[in-house]
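Okay, so here's the structure we're looking at.
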Amino acid sequence: MPAWGPVDRRTLIRGLRTLGFEGPLSGGKHQFMVRGDVVVTIPNPHRGDIGVGLLTRILRQAGVPRHEWEKA
């Protein structure tokens, strides 16, 4: 995984798959990824990177601590 910082959508999805999530799956306005009972909403594609604040919220929703993200 990249160091803690902004990531693009593709890197976010690749990292979550490495951590055992499946998807992205379509649903509603946003796609999501699933691991067991945990459902994580994925931001829609856009031109810029996913910032640290949004990355932090996504990983908190996923139950993934920062150190696990960085070593995955």
Side-chain angles (χ1 to χ4, degrees):
M1 260 324 88
W4 189 252
V7 295
D8 61 9
R9 185 175 189 270
R10 188 173 288 176
T11 303
L12 173 67
I13 291 170
R14 190 179 322 122
L16 290 174
R17 283 183 181 157
T18 301
L19 294 168
F21 284 85
E22 297 177 9
L25 306 168
S26 295
K29 294 182 179 182
H30 293 278
Q31 292 181 328
F32 60 94
M33 296 184 77
V34 179
R35 178 177 69 183
D37 293 339
V38 179
V39 178
V40 178
T41 304
I42 302 298
N44 291 325
H46 53 78
R47 293 182 185 204
D49 287 341
I50 296 168
V52 175
L54 181 54
L55 177 62
T56 302
R57 289 191 303 261
I58 292 168
L59 295 179
R60 187 178 307 133
Q61 182 182 8
V64 176
R66 178 177 171 174
H67 69 276
E68 188 176 336
W69 170 257
E70 290 177 335
K71 75 175 185 176

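Residue numbers run from 1 in the order of the sequence given. For clarity, every value in this text was computed on a predicted model and none was experimentally measured.
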So if I apply the side chain to side chain contact (heavy atoms under 4.5 Å, CB included) rule between Phe21 and each of Ile13, Val39, Val40, which one comes out positive?
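For Phe21, the side chain to side chain contact (heavy atoms under 4.5 Å, CB included) test succeeds with only one of Ile13, Val39, Val40, which is Val40.
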Find the distance between [atom1] ([X]) and [atom2] ([Y]) and round it off to the nearest 0.5 Å.
X	Y	atom1	atom2	value
Thr41	Met33	OG1	CE	12.0 Å
Ile42	Leu12	CD1	CG	5.0 Å
Leu55	Arg66	CG	CZ	9.5 Å
Thr56	Ile50	OG1	CD1	11.5 Å

At their closest point, which heavy atom of [X] faces which heavy atom of [Y], and how far apart are they?
X	Y	value
Pro24	Arg17	CD-NH2, 3.4 Å
Ile58	Pro43	CD1-CD, 3.7 Å
Gln31	Ser26	NE2-OG, 4.1 Å
Leu16	Trp69	N-CZ3, 4.1 Å

Side-chain donor or acceptor of Arg9 paired with backbone N/O of His46 under 3.5 Å:
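No; zero donor-acceptor contacts below 3.5 Å.
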Greater than 12 external heavy atoms within 6.0 Å of Gln61's CD:
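Yes, enclosed.
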